Amino acid sequence: DIQMTQSPASLSASLGETVTIECRASEDIYNGLAWYQQKPGKSPQLLIYNANSLHTGVPSRFSGSGSGTQYSLKINSLQSEDVASYFCQQYYNYPLTFGSGTKLEIK
Amino acid sequence: EVQLVESGGGLVQPGRSLKLSCAASGFTYSNYVMAWVRQAPTKGLEWVASISTGGGNTYYRDSVKGRFTISRDNAKNTLYLQIDSLRSEDTATYYCAKGQLRRASFDYWGQGVMVTVSS
């Protein structure tokens, strides 16, 4: 199984700041990576697929990058509505696996 | 508008069975891989099972193989998850999720249904 190691587990940042969340795969996943946002009490929502493609309707302050085993999600100009947990997911191979999540709070 | 509406959850005793349903609308259901993803209370997301467009191919995580069965009815636009021999570690919110075209990322999720396994 492909293990996804996500960091940090939690993050506190000020409004307007830029934050970065990392995910490392245990083997090459060839850009088969998605990022999701889950607000408290809500279902997950797709942000990024194919490592760097923005899903329809997602604000452009979200971006994804990476290749091979290392991937990252960047949020520019942090807004109050970005308070959420963020998860990466590899879909290069079954079983599909998620990172353990990053909880983002506003300072 | 894509909608996924789960039902069938509840409080169940260990060892018993349950069948979850997910009614889909707003897209051509038969064209997309579908999946179940669960989330134990205060925990992360865990993929459970996926099913191909025609239902002929199914995939499961190891911990549910032999106990869970994913199926679909393309005439009714409905996804199912039969859960047998329930264990306490199956306690979670179960989400129905729609796969993107040609990739196993999920662009739409249901609101989730809670399954609690307890005596």
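Here the structure is a predicted model, which is why all the values come from computation and not from measurement. Below, read A as the first sequence line, B as the second, and so on, with proteins coming before strands; counting in each chain starts at 1.
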S.K.: Should the pair A:His55 and B:Tyr108 be assigned to parallel (<30°), tilted (30 to 60°) or perpendicular (>60°) ring geometry?
M.R.: perpendicular
S.K.: If hydrophobic clusters are built by linking Ile, Leu, Val, Met, Phe, Trp and Tyr wherever their side-chain heavy atoms come under 4.5 Å apart, do A:Leu15 and A:Val19 end up in the same one?
M.R.: yes
S.K.: Mind listing the closest non-hydrogen atom pair of A:Tyr94 and B:Ala104 along with its distance?
M.R.: OH-CB, 4.1 Å
S.K.: Side chain to side chain contact (heavy atoms under 4.5 Å, CB included) for B:Arg103 and A:Asn50? Distances and angles first, verdict last.
M.R.: CA-CA 9 Å; B:Arg103 65 180 71 91; A:Asn50 285 356; 3.3 Å; yes
S.K.: In the single-linkage hydrophobic clustering (I, L, V, M, F, W, Y; side-chain heavy atoms under 4.5 Å), do B:Met114 and B:Val12 co-cluster?
M.R.: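 No, B:Met114 does not connect to B:Val12 through the hydrophobic network.
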S.K.: Name the option with the most non-hydrogen atom pairs under 4.5 Å to chain A; the candidates are B:Gly44, B:Ser105, B:Gly110.
M.R.: B:Ser105
S.K.: Is the CZ atom of B:Arg16 crowded by more than 12 outside heavy atoms at less than 6.0 Å?
M.R.: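 Open.
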S.K.: With clusters defined by side-chain heavy atoms of hydrophobic residues (ILVMFWY) lying less than 4.5 Å apart, directly or transitively, does A:Tyr92 cluster with A:Phe98?
M.R.: no
S.K.: Examine whether an atom of A:Gln38 lies under 4.5 Å from a heavy atom of chain B, and if so say whether it belongs to the side chain, the backbone or both; otherwise answer neither.
M.R.: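 Contact with chain B is through the side chain of A:Gln38 alone.
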S.K.: So does A:Ser43 get a backbone contact from the side chain of B:Gln39, meaning a donor-acceptor N/O pair under 3.5 Å?
M.R.: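 No, B:Gln39 side chain to A:Ser43 backbone: no donor-acceptor pair under 3.5 Å.
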S.K.: Would you kindly confirm whether B:Val64 and B:Leu18 end up in one hydrophobic cluster when ILVMFWY residues are joined by side chain heavy atoms under 4.5 Å apart?
M.R.: yes
S.K.: Name the region of B:Thr93, side chain, backbone, both or neither, that has any atom closer than 4.5 Å to a heavy atom of chain A.
M.R.: neither
S.K.: Does A:Gln45, at its CD atom, have more than 12 non-hydrogen atoms belonging to other residues, nucleotides or ligands within less than 6.0 Å?
M.R.: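 Count not over threshold, so no.
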S.K.: Below 4.5 Å from any heavy atom of chain A, which atoms of B:Phe106 appear? Answer side chain, backbone, both or neither.
M.R.: both
S.K.: For B:Arg67, I'd like to know if atom CZ has over 12 heavy atoms of other residues, nucleotides or ligands within 6.0 Å.
M.R.: yes
S.K.: If you define the side chain from C-beta out and look only at heavy atoms, does anything of B:Trp47 sit under 4.5 Å from A:Pro95?
M.R.: yes
S.K.: Counting heavy-atom pairs under 4.5 Å with chain B, which one of A:Leu96, A:Thr97, A:Leu46, A:Thr56 comes out on top?
M.R.: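 Most heavy-atom pairs within the cutoff with chain B belong to A:Leu96.
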S.K.: Is there a side chain to side chain contact (heavy atoms under 4.5 Å, CB included) between B:Trp109 and A:Tyr36 once you walk through the steps?
M.R.: CA-CA 11 Å; B:Trp109 298 61; A:Tyr36 300 91; 3.7 Å; yes
S.K.: Treat each ILVMFWY residue as a node, draw an edge where side-chain heavy atoms are under 4.5 Å apart, and state whether B:Val48 and B:Val113 are in one component.
M.R.: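 Cluster IDs for B:Val48 and B:Val113 match.
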S.K.: Under the side chain to side chain contact (heavy atoms under 4.5 Å, CB included) criterion, do A:Tyr49 and B:Gln100 qualify, and how do the steps go?
M.R.: CA-CA 9 Å; A:Tyr49 62 93; B:Gln100 288 190 288; 3.3 Å; yes
